[in-house]
Amino acid sequence: MTLSDDGPTTLSPARIRFALLALALGGFAIGSTEFVAMGLLPNIAYDLLPELYAQSSADANANAGWIISAYALGVVVGAPTIAAAAARWPRKRLLLTLLTAFTLGTIASAVLPSFELVLIARFISALPHGAYFGIASLVAASLMGPGKRARGVALVLSGLTIANVIGVPAITWLGQLAGWRVAYLAVAAIFALTFVAVLIAVPWQAGDPGATMKRELKAFTRAQVWFALGIGAVGFGGLFAVYSYVAPLATDVTGLPEEFVPFVLVAIGVGMTVGNLVGGRLADWSVRRSMYLFFAVLAGALVLLGFTASSPYGLLAGVLLVGAASAALSPTIQARLMDVARDSQSIAAALNHSALNIGNSLGALLGGIAIAGGLGYVAPIWIGLVLTLAGALLAVTSFALDRSRARRGVAVPYATGAMHAVES
C-alpha cells in the first residue's frame, strides 16, 4: 500500500518506475549544476577574472575554484537547516519547492555579471541540494519497499552519477562552444523539467507528523553522527581535490587538447555510475565491510593516477577508478548516518550531502592552495590521498567504538538499522 496524491492506493509498477525516474532526474540536474564548473573552470576564470587570467592562468583557475567551494558550502548550510525545519512538510510539496529554488538560483548564476555576484548565486542555489537528496531518498526507499533502503538511496543518486556520464560532458561541450553562461541556462531548463516530472509522477507522502526541530537536531548530540559526518567530509575530499582541477590536469599535465576534457569527464561519470550501484547493493549487505573496501580502492586509484596522469590511458583509468570508489562510498556513508541518527531520519538523510560537500569544498580549497603555491596540477592528487587515508582512519575508529559499546551491552546500529542489545 502506497500513498498517492488522492490518498491511499496501490501504485502500479509502471507508476513507481516513473516516480523513481522523476526523482533521479532531479539528481541528474543537481549533478549537472554541481559538477559542470569543473569542466568549465578555465572558461569561467577567463570570463570573470580577466585581469588575473592575463597575468597567470593558474592563479585565475585557483581563484575560480572558489565557485566550487561556494556551492559546496551552500549545501553544508542548507541541508540540515531545511531538512530539520521542513520535516513535517508533505514530501512532494517540499520537493517541488526545492526544485523551484534550484531553477531560480541556477538562472541567477548564469546571468549575474561579476565574479562576486556569481559566487553568491552559487552559494544560494546550493541551499536546497542536501534537502532534495535527503527527502527524495526517503520517498524512493518507501517506494522500493523493506530491506532496500540503500538501493533506494543509490537509485536517486544514480541521476547524479549519470549526469557525470552524459550531462556534465555534454553541458561542458555546450559551454565551450557557446559560453559557460549558456551552460548554466541549460541546467536551469533541466531543473524546470524535473519540476514537471515530479509534479506528475511522484505520489503524495505525508511528512513526519512527530518531527520537531529539536528531535531532528538531536542527531548532533550523538558522537557517531559526527564520526559519520567526518568520514564523508574528509574522505570525500579525495575525489574533489582531483575533480575540481581535472580540466587543467588533462590539458597541462597530460597534454590533451581542451576538446578532450569532456571525454575525461565521461570516464569519471562512468566510474561514478557503476560505483554508486555497486555501493548501494553492498551497503545493504554490510556497511562496515563495504566502507573499508571502497576506501582501499579509492586510495589505490589515487596512487595510480598520481603516477600515470601524464599518460592519456593512465589519466582515464585513474579518474574512472577514483570516480567509482568515491561514488560507492556515498550510499554507504548515507546508510551509516541513517543508522546512527536513529529517529532523526530527515536530517540524517540530508546530512550526508553536507558531509560530502564539505569534502567538495575542502578538496577544492586545498587543491587550489597547492596550485597557487606553484606545486602544479598533480599536487591535488596527493592531497586527495591524504584526505582519503584520514577518512578511512575515522571509519576504523568509528566502528571500533561500536565494537567496544557492544562488548559493554550498549545498543549498536547494524547496517540494516537494527539495534544490538538494549538502548541505554
Item checked: Crowding at CH2, Trp226 (>12 non-hydrogen neighbours, <6.0 Å) -> no

Next item on the list: Take the angle between the ring planes of Phe102 and Tyr132 and call it parallel below 30°, perpendicular above 60°, tilted in between.
Entry: perpendicular

Notebook entry, point to check: Can you tell me how far the CZ atom of Arg336 sits from the CE atom of Met291, to the nearest 0.5 Å?
Noted result: 7.0 Å

Margin query: Looking at every heavy atom in both Ala110 and Tyr184, which two are closest together, and how far apart are they?
Written below: CB-CB, 3.7 Å

Notebook entry, point to check: How about Leu401 and Gln224: do any of their side-chain heavy atoms sit closer than 4.5 Å?
Noted result: yes

Check: Are Trp180 and Val118 close enough, and set up right, to give a side chain to side chain contact (heavy atoms under 4.5 Å, CB included), and what steps lead you there?
Finding: CA-CA 12 Å; Trp180 67 270; Val118 171; 4.0 Å; yes

Margin query: Is the distance from the ring center of Tyr71 to that of Trp66 below 6.0 Å?
Written below: no

Margin query: Could you check whether any side-chain heavy atom of Leu96 comes within less than 4.5 Å of a side-chain heavy atom of Phe195, counting everything from C-beta outward?
Written below: yes

Note to self: Within this structure, what is the CG-CZ distance for the pair Leu193 and Phe28, rounded to the nearest 0.5 Å?
What the structure shows: 10.0 Å

Checklist line | Spatial distance of atom CG (Leu375) from atom CD1 (Ile369) [nearest 0.5 Å] | finding: 11.0 Å

Checklist line | Passing candidate, side chain to side chain contact (heavy atoms under 4.5 Å, CB included) with Val202, options Leu20, Val139, Leu143 | finding: Val139

Check: Can you name the closest pair of heavy atoms from Gly130 and Val75 and give their distance?
Finding: N-CG1, 4.0 Å

Notebook entry, point to check: Are Val77 and Phe123 close enough that some pair of their side-chain heavy atoms sits under 4.5 Å apart?
Noted result: yes

Item checked: Smallest separation among heavy atoms of Leu95 and Val198, with atom names -> CB-CG1, 4.3 Å

Notebook entry, point to check: Under the 3.5 angstrom rule, does the side chain of Thr332 hit a backbone N or O of Ser290 as a donor-acceptor pair?
Noted result: no

Next item on the list: Indicate the ring-plane relationship of Phe260 and Phe263, choosing parallel, tilted or perpendicular according to the 30° and 60° boundaries.
Entry: tilted

Margin query: Show the nearest heavy-atom pair for residues Ala188 and Ile107, with the distance to one decimal.
Written below: CB-CG1, 3.6 Å

Check: In Å and rounded to the nearest 0.5 Å, what is the CG to CD1 distance from Leu119 to Ile124?
Finding: 10.5 Å

Checklist line | Check: Asn276 and Pro331 side chains under 4.5 Å, non-hydrogen atoms | finding: yes

Margin query: Quick one, Leu362 and Phe240 - any side-chain contact, counting heavy atoms below 4.5 Å?
Written below: no

Check: Do Leu256 and Pro312 touch side chain to side chain, with heavy atoms closer than 4.5 Å?
Finding: yes

Checklist line | Gap between atom OG of Ser109 and atom CD1 of Ile44 - 0.5 Å precision | finding: 9.5 Å

Item checked: Test item: Ser398 side-chain N/O and Leu394 main-chain N/O as donor-acceptor pair under 3.5 Å -> no

Checklist line | Heavy-atom pair with the smallest gap, counting every atom of Ile82 and Pro128 | finding: CD1-CA, 4.1 Å

Item checked: Spacing of Ile268 atom CD1 and Leu315 atom CG [to the nearest 0.5 Å] -> 8.0 Å

Margin query: Could you tell me if the side chain of Thr388 sits less than 4.5 Å from the side chain of Phe236, heavy atoms only?
Written below: no

Next item on the list: For Ser311 and Thr254, work out which heavy atoms get closest and say how close.
Entry: C-CG2, 3.7 Å

Margin query: A side-chain contact here means heavy atoms from C-beta on lying under 4.5 Å apart; do Phe295 and Leu389 qualify?
Written below: no

Check: Under 3.5 Å, is there a donor-acceptor pair between the side chain of Lys92 and the main chain of Pro203?
Finding: no

Check: Given the rule in the side chain to side chain contact (heavy atoms under 4.5 Å, CB included) test, do Val303 and Ile381 qualify, once you have shown the distances and angles that lead to the verdict?
Finding: CA-CA 8 Å; Val303 171; Ile381 299 173; over 6 Å; no

